[in-house]
Amino acid sequence: MNNRVPKSLPAEIRPSLFSGHDWIALAIVCLTFVIPFTSTNPQVLSQTNLILIAATAALGVYIMQRLDLMSFAVPSFMAIGGYTVALLSMKLQLTDVFVLAAAAFLMPALCAIPLGALILRLKGVYFVLVTFVLTEIVQLLLFEAGPITGGSNGLVGMPAVKIFGMELWDNPHVLLTTCGLAFVSFIVTSVFTRWFRSEFAAIETNDVLAESLGLAAWKYKAMAFSVAAGVSGLAGFALVNMLLTAHPSSFAPMSSVNYITYTIVGGKASILGTLIGALLLVSATDYFALSGEMSPGLFGLLIIVVTMVARGGVVGVVSGLLYRLAGQSPPLKNGEQDLGVNGEKGQ
Amino acid sequence: MESFIATGLIGISLGTQYTLLALGFTLIFGILGVVNFAHGGFYVMGGYVAYYCNVILGLPYPVAVLMAMLSMAALGWLFEAFILERVIEDHQATLMVTMGFYLVMATAILMIFGAESPQFPFPVTGVWRLGGIYFPYANMIVLGACLAAIVFVYWLVYRTNIGRGMRAMSEDLPVASALGMRTKALFPFAFALATGLAGGTGALVTPILALAPHVGDSVLAFSFLTVILGGLGSVTGATCAAFIVGLIEAYAAVYLGGSKGALTLFALVLIILVVRPQGLLGREVRRS
Amino acid sequence: MTTHSLSAGALHADRIAKSFGGLKVFHDVSFTVPAGGLLGVIGPNGAGKTTMINIFSGRLGLTSGQVMLGGTRIDGRSTFEIAMMGLVRSFQHTAIFNGHSVETNLLSALRFSRRDRSVLERLSPLLDQFGLIDNWQRNAEVMPYGLQKMLGLTMALATQPNMLLLDEPAAGLEKSERANIDTYVKFAREEFGCGILLVEHDMEIIKRLCPSVIVLDGGRLIAEGPPTDVLSQPHVINAYLGGSDEEDSDVTH
Ligand SMILES: Nc1ncnc2c1ncn2[C@@H]1O[C@H](COP(=O)(O)OP(=O)(O)O)[C@@H](O)[C@H]1O
Ligand SMILES: [Mg+2]
């Protein structure tokens, strides 16, 4: 009947593992390694430290966002990572940075597996509620388990960490440790989320369909929860290492709101958004000399504004503008180009 | 024995407060499908409005409570109609705007009233005693008022057309539309009802417990506990769970001390989640 | 048990029943789709056809009875496990990965079912005929409904199933597009050797394609046999008169 020439499949274009945004984010984190060697200004050092810790912690939110889940659990896993490090270094005199980093990643990641089995069955809202309650539980446990956690005094007097036997004790060296931890976290997060991006995207957009095609969605959810916990643990390590103390107040339940804000305001679609969000908001808090009391209000306003008028966050808006300037349409979700109907673009 | 009964009374009065908060919370979830992170904020702000009216302006306490309810209902209405309504289809966005609104509210309170807890005593003092049982009149009045409010909510939900519409909506939106309910018009109403209740609860309870800008955090956590325990969207479940939470908290505070009560509750919630993820009385989540 | 049901890959429902709380959807339903065979399922709206597919594909549990695929009992297993065993379903309303291109949608189906690109080559005549190749890089979400539906069906086939459950594939398609369903079903059977359970309201399609149908109504299996015979039985006609509005309501949804 139909005597047009049959079309064959277009050739496959393999998308690269990292997108432009990933490369930019990794490059920025890489650049921060320069600061400890070039600056002695304590203000610059501590500011960079805070930004990197905030960004690393917010990666936990970013990873769970791949599955469209909003996680309030970041402070819990930061606490597990941070206290693990404090205990190892104080009680067992383990101070090697590699050993401590491995412990700070693995301990929360392992704790997350049974927890994940419990709460990942839950859909959207329940997941949110439970992660929120979880941070409250961990906070209470930190106070109640006095013999281990030091209760309301926390664990004070950690020895400095060592790299190849060399102590990393002064400000630039502490920042160097943070840079290293942040870099590892960014690499782990971007490789993990990009490697499984089809799976995550499918679960996010239509998990029922994904499962019906043979995808074991729970495995990917459990992995994501576990990796998010591990990365948060690294942030906890960096925080404890900066303060030389593990204290419950560093892991307050409401701080989870800050990490969520960084990811959402920066732009939840890419890892760059999390970094930019942390960079802008931590600097803004500092620049306007907002006392700790005022910044929640600012964050709240920003969250509302971004949610109502600029879903893509800062990075989404800026890259949207750049695409428009270049006269292109923005890419589809996975970084694919929307080329329209083939006919319209002339063969 | 007497202390056991007295503690039970405290547990029950805590239970009534949690019921009021959880009912509002669960109504909002059942009808709008929104987890209201700002719920604690309406509670605290209700407390501050009552404090302002009663202590600063010198209005009688009942008027102050009424003002708190009305102003929080009005604020809730405005928030729903102008902000929440626009993102109501996207559950993550509703979460973000209610959370953002909570932060704004808490900061506003802090800027206006400062971080210190203001002096906001309950206008009635004195203690009722029977044998060895002591029960402050203040708690008794609050208990009575909360019970009255609970009865009012039940009457509204189960005996009026508005309530029937609301329940129909929380069960099945298409059916409610088919019944000719103007469903969207109910959203701000339901939201205002819930936030008005939260404000009223704050006005009644903060003089007895504590008034400070940050008390909303723990109120939110306890509302969460209650609704997870009772099952999201279930009115009866929320009520039962609120009393369980109140009693456990009261007894644990007396017999275990410290924050062990809260830990017991959290453990209970975890167990519930393992054996009955939909909560004590929640319905199985319906899949399309 | 008949010898059919023991042959490799046959889908066999054995006295299955399902209720939601107090609501009994169906009970005591038994039938077999032979390996490579085709069985039509008809019945008014609310008869429980989608529920049955949800049960076979592992989304819902059974109240009683059992479901066998080949020699293995599959009820109570998870969806992805059943899909990996070769039983894959399509959805009544469009189910695709919104916001992604046609290509990504199909590649995801391959990836999740651990198939390689050669399956796409085999499917390419079908993809071409449905117009999916013309829309290869287009955001699937903004394509016409008919194309989205054919994409969803093709994704199910791309997993190379040996048993396909199709939930009203023609619902919502224009009359002119319905021939695509015939092509699809024939292609799946001839090229892939799939067994098919076809739930459909369009009696023309049922008559054209199915050697045999079962009728579900009021919670029971009320008739089975060749479509022309079954559709002339008075109690089947009655069942359909009771639910004559269903086709319209499906299209509007
Ligand atoms: N998850 C569920 N919970 C409760 N009732 C359901 C559920 N799924 C379907 N039902 C009910 O089961 C009956 C059969 O529905 P369905 O299988 O969709 O019918 P069909 O596909 O034949 O039109 C309907 O009455 C429907 O309301
Ligand atoms: Mg159906």
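The figures here come from the full heavy-atom set of this structure, side chains too, leaving out hydrogens, waters and symmetry mates. Chain A is the first sequence line, chain B the second, and so forth, proteins listed ahead of strands; every chain is numbered from 1.
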Next on the checklist: One pair to check against side-chain contact (heavy atoms from CB on, under 4.5 Å): B/Met96 and A/Met70. What are the steps and the verdict?
Outcome noted: CA-CA 10 Å; B/Met96 297 314 298; A/Met70 182 63 79; 3.1 Å; yes
Item to check | Stepwise side-chain contact (heavy atoms from CB on, under 4.5 Å) check, A/Thr307 with B/Gln92 | outcome: CA-CA 9 Å; A/Thr307 315; B/Gln92 190 154 308; over 6 Å; no
Checklist entry - How far apart are the C-alpha atoms of B/Leu263 and A/Glu136, what are their side-chain angles, what is the distance that settles it, and do they pass the side-chain contact (heavy atoms from CB on, under 4.5 Å) test? => result CA-CA 9 Å; B/Leu263 271 179; A/Glu136 300 276 346; over 6 Å; no
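If you measure heavy-atom distances from A/Gln139 to chain B, you find no contacts under 4.5 Å at all. Residue A/Ile137 touches chain B through both its backbone and its side chain, counting heavy-atom pairs closer than 4.5 Å. Both the backbone and the side chain of B/Ala93 come within contact range of chain A, each with at least one heavy atom under 4.5 Å from a heavy atom of that chain. Only the side chain of B/Met111 comes within less than 4.5 Å of a heavy atom of chain A; its backbone N, CA, C and O stay farther away.
In the displayed structure, B/Phe82 atom CZ is contacted under 6.0 Å by at most 12 heavy atoms of other residues, nucleotides or ligands. Within a 6.0 Å sphere centred on OH of B/Tyr52, other residues, nucleotides and ligands contribute 12 heavy atoms or fewer.
Distance check, rounded to the nearest 0.5 Å: OG1 of A/Thr261 to CG of B/Leu103 gives 6.5 Å. If you take CZ on B/Phe101 and CG on A/Leu301, they are separated by 10.0 Å, rounding to the nearest 0.5 Å. The line from CZ of B/Arg86 to CE of A/Met308 is 5.0 Å long, rounded to the nearest 0.5 Å. Remark: B/Leu95 CG to A/Ile260 CD1 distance equals 7.5 Å, nearest 0.5 Å.
Considering only heavy atoms from C-beta on, B/Phe37 stays 4.5 Å or farther from A/Val257 through its side chain. Using a 4.5 Å heavy-atom threshold, the side chains of A/Ile303 and B/Met99 count as touching.
Contacts with chain A were tallied for B/Thr98, B/Val34, B/Val97; B/Val97 has the most, counting heavy-atom pairs under 4.5 Å. In terms of heavy-atom pairs under 4.5 angstrom with chain A, the leader among B/Val35, B/Leu265, B/Val87, B/Asp217 is B/Asp217.
Between A/Phe132 and B/Phe224, the two ring planes are perpendicular [angle over 60°; tilted spans 30° to 60°].
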